[in-house]
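Here's the structure we're looking at; comments come further down.
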Number of protein chains: 2
Amino acid sequence: MDKIKQNTLHGEVAVRIRDMIDAGTLTPGSRVPEKQLCEQFGVSRTPLREALKVLASEGFVELLPNRGARISKLTIDTLQHTLEVMSALEGLSGELACAHISESELASVEALHYQMLAYYKNANMAEYLLANQKIHEAIVVASRNDVLIDVYKNLNQRVRRVRFSAELSKEYWAKAVQDHEDIITALRRRDGVTLGQILRRHLSDKVEVSYLAEMAEAKSLS
Amino acid sequence: MDKIKQNTLHGEVAVRIRDMIDAGTLTPGSRVPEKQLCEQFGVSRTPLREALKVLASEGFVELLPNRGARISKLTIDTLQHTLEVMSALEGLSGELACAHISESELASVEALHYQMLAYYKNANMAEYLLANQKIHEAIVVASRNDVLIDVYKNLNQRVRRVRFSAELSKEYWAKAVQDHEDIITALRRRDGVTLGQILRRHLSDKVEVSYLAEMAEAKSLS
DNA sequence: ATTTTATATTTTGAATTCAATCTTTACTGT
DNA sequence: ACAGTAAAGATTGAATTCAAAATATAAAAT
């Protein structure tokens, strides 16, 4: 399962651009400055433009005829739709993870869980979200399904920016933490059916999604 | 939901290469003849290579350092994994479709269903598979979730070649047809929970998947 | 005759070039 | 001053070019 380092030039460029979008260096709606990025990366326009085509097919940028690439905005609908799909994928992950997860993987998920609880108690949302993210990724990885892992990571990266920027409501946060208790319990019992069910609805709180989207709008992240 | 015709040159080239893979003109494991395709399409290497990078990120080709692109082989594991993910996505589609499908959409799914049954009775597998495919796509489209539609179609295209090449066993075929009766019933009742359940396990017959993969191997399609 | 080595040819990856289109700036007329 | 227009400049899309690497071909040695 070690990822094959493709190490193509355009691939490297794509990674760096994705990171810049994630970090907010490149903002949604803005034009991608080809020349500037070429200089910054020390490459010609050829590999940069190849990277842009790939990023366009992944949804990170949009290509406008004769006016280059723009960083995609994330609409409320697309956010909603993406989270719905991620929920379904996490549901499947839960079922598969229960069948495949090793003791050591389980132990590290548990460790992350307790870390996350500590952050919750201290109301440290940034660290909470990070630990939370890692738990979900660990479960997806434990599915041992490479296609699933790949698709999930791609979708996750598309919405990460918004998810990390917004603040959770008190109620939603409490509910999410309770869900996580149930997640760990089901995982320990290798109860795939239950874990699948929990994960399928864990992300999909529509009210919270709208709220997230509004926050993002306000911060013009989308 | 009309697809935005991006109509970029590299996009057109990508479509044509995907179709050639689908049609068997380009065979798994073989090298992609850049020069020849350029002449055939009447474009320079620049847009062709851009298309190849996109196809690589979608999994249709693999890029080997200093030796260009090869058409990807579909391993048994990848086929299995892809069908698992598609099942999960169809499950979600079922739930959403029940909430969103219009009467006219339902009518056209029903029409396809009866067509498909006729092909089954005549043991016309090729036409059966085509109608079957259309039904599943119609349900996915009825979900009204653009991200879902997009991811599903992408995965479907990756495995279509193999799925259409192999023959179904008598038992599996009968079971699939029975599933389809239940699918239509649930859809008519707008019973999303049931439809979701059926669709989540409809594709995932592991024995059949192995069989499919073997057939594909024998025909060296994968 | 078969393997090895050397040379020629092709293919690849990435930079460069060039025409077409877009954007900005400067100018004109009201 | 301001709207409209023309010219200059910048950016884009795609073809071309060029060095490096891989493959094929031919010659030499065992």
Side-chain angles (χ1 to χ4, degrees), chain A residues 3-21 24-73 220, chain B residues 3-21 24-73 220:
Chain A
K3 59 190 151 191
I4 304 154
K5 264 226 171 174
Q6 196 67 17
N7 244 28
T8 57
L9 195 48
H10 79 274
E12 290 297 318
V13 171
V15 168
R16 294 192 61 176
I17 294 177
R18 275 192 220 96
D19 287 346
M20 288 173 81
I21 296 173
T25 314
L26 292 170
T27 60
S30 74
R31 206 162 166 158
V32 176
E34 283 189 15
K35 211 181 166 199
Q36 184 187 311
L37 291 180
C38 285
E39 284 167 23
Q40 190 172 335
F41 299 157
V43 300
S44 77
R45 281 176 65 221
T46 306
L48 186 109
R49 302 184 97 251
E50 287 168 349
L52 288 176
K53 313 301 180 196
V54 172
L55 291 169
S57 91
E58 292 173 345
F60 289 100
V61 307
E62 278 162 46
L63 302 176
L64 302 154
N66 290 315
R67 59 191 61 184
R70 283 175 186 284
I71 310 299
S72 296
K73 292 188 185 187
S220 79
Chain B
K3 58 190 149 191
I4 304 156
K5 262 227 171 171
Q6 197 68 15
N7 244 26
T8 57
L9 197 48
H10 78 274
E12 291 295 320
V13 171
V15 168
R16 293 192 61 176
I17 294 177
R18 274 193 220 96
D19 287 347
M20 288 174 80
I21 296 173
T25 313
L26 294 170
T27 61
S30 73
R31 208 163 164 157
V32 176
E34 284 190 15
K35 212 181 165 198
Q36 183 188 312
L37 291 180
C38 285
E39 284 167 23
Q40 191 171 333
F41 299 158
V43 301
S44 75
R45 281 177 63 223
T46 306
L48 186 108
R49 301 184 97 251
E50 287 168 349
L52 288 175
K53 314 300 180 195
V54 171
L55 291 169
S57 91
E58 292 172 346
F60 290 100
V61 306
E62 278 162 45
L63 302 176
L64 302 154
N66 289 316
R67 57 189 63 182
R70 283 175 186 282
I71 309 299
S72 296
K73 291 188 186 187
S220 81

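Just so it is clear, the model here is predicted, and its values are computed rather than measured.
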Dump the intermediate steps for side-chain contact (heavy atoms from CB on, under 4.5 Å) on A:Val43 and A:Glu12, then the final yes or no.
CA-CA 11 Å; A:Val43 300; A:Glu12 290 297 318; over 6 Å; no

How far apart are the C-alpha atoms of A:Ile21 and A:Phe60, what are their side-chain angles, what is the distance that settles it, and do they pass the side-chain contact (heavy atoms from CB on, under 4.5 Å) test?
CA-CA 8 Å; A:Ile21 296 173; A:Phe60 289 100; 4.1 Å; yes

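In this entry the distance linking CG of B:Leu37 with P of C:dT11 reads 12 Å, nearest Å. Straight-line distance from the NE2 atom of A:His10 to the P atom of C:dT12: 15 Å, rounded to whole Å. Per the geometry, CZ belonging to A:Arg67 stands 9 Å off C1' belonging to C:dT23, to the nearest Å.
Each side chain to side chain donor-acceptor pair (under 3.5 Å) pair with one or both residues in residues 37-48 of chain B, not counting sequence neighbours, appears once here: B:Glu34-B:Arg45.
B:Leu52 places none of its side-chain heavy atoms less than 4.5 Å from the side chain of A:Glu50. Between A:Leu26 and A:Pro33 the shortest side-chain heavy-atom distance falls below 4.5 Å.
Residues that satisfy the side chain to side chain donor-acceptor pair (under 3.5 Å) test with B:Arg18, not counting sequence neighbours, are B:Glu58. For B:Arg67, the side chain to side chain contact (heavy atoms under 4.5 Å, CB included) partners at least two apart in sequence or on another chain are B:Arg31, B:Leu64.
Closest heavy-atom contact between B:Gly29 and B:Arg70: O-NH1, 2.9 Å.
In the 5' to 3' direction, nucleotides of DNA chain D lying under 4.0 Å from heavy atoms of chain B begin and end at D:dA14 to D:dT23.
Rounding to the nearest 0.5 Å gives a distance of 9.0 Å between NZ of B:Lys53 and CG of A:Leu9. Interatomic distance, A:Leu48 CG to A:Lys35 NZ, rounded to the nearest 0.5 Å: 13.5 Å.
Note on the helix from C:dA1-D:dT30 to C:dT30-D:dA1: angle between the axes of the first and last five pairs equals 10°, rounded to 10 degrees.
The side chain of B:Asn66 approaches C:dG13 more closely than any other nucleotide in the set C:dT21, C:dT11, C:dG13.
Within residues 38-50 of chain B, the residues that have a heavy atom under 4.0 Å from DNA chain C are, in order of number, B:Arg45, B:Arg49.
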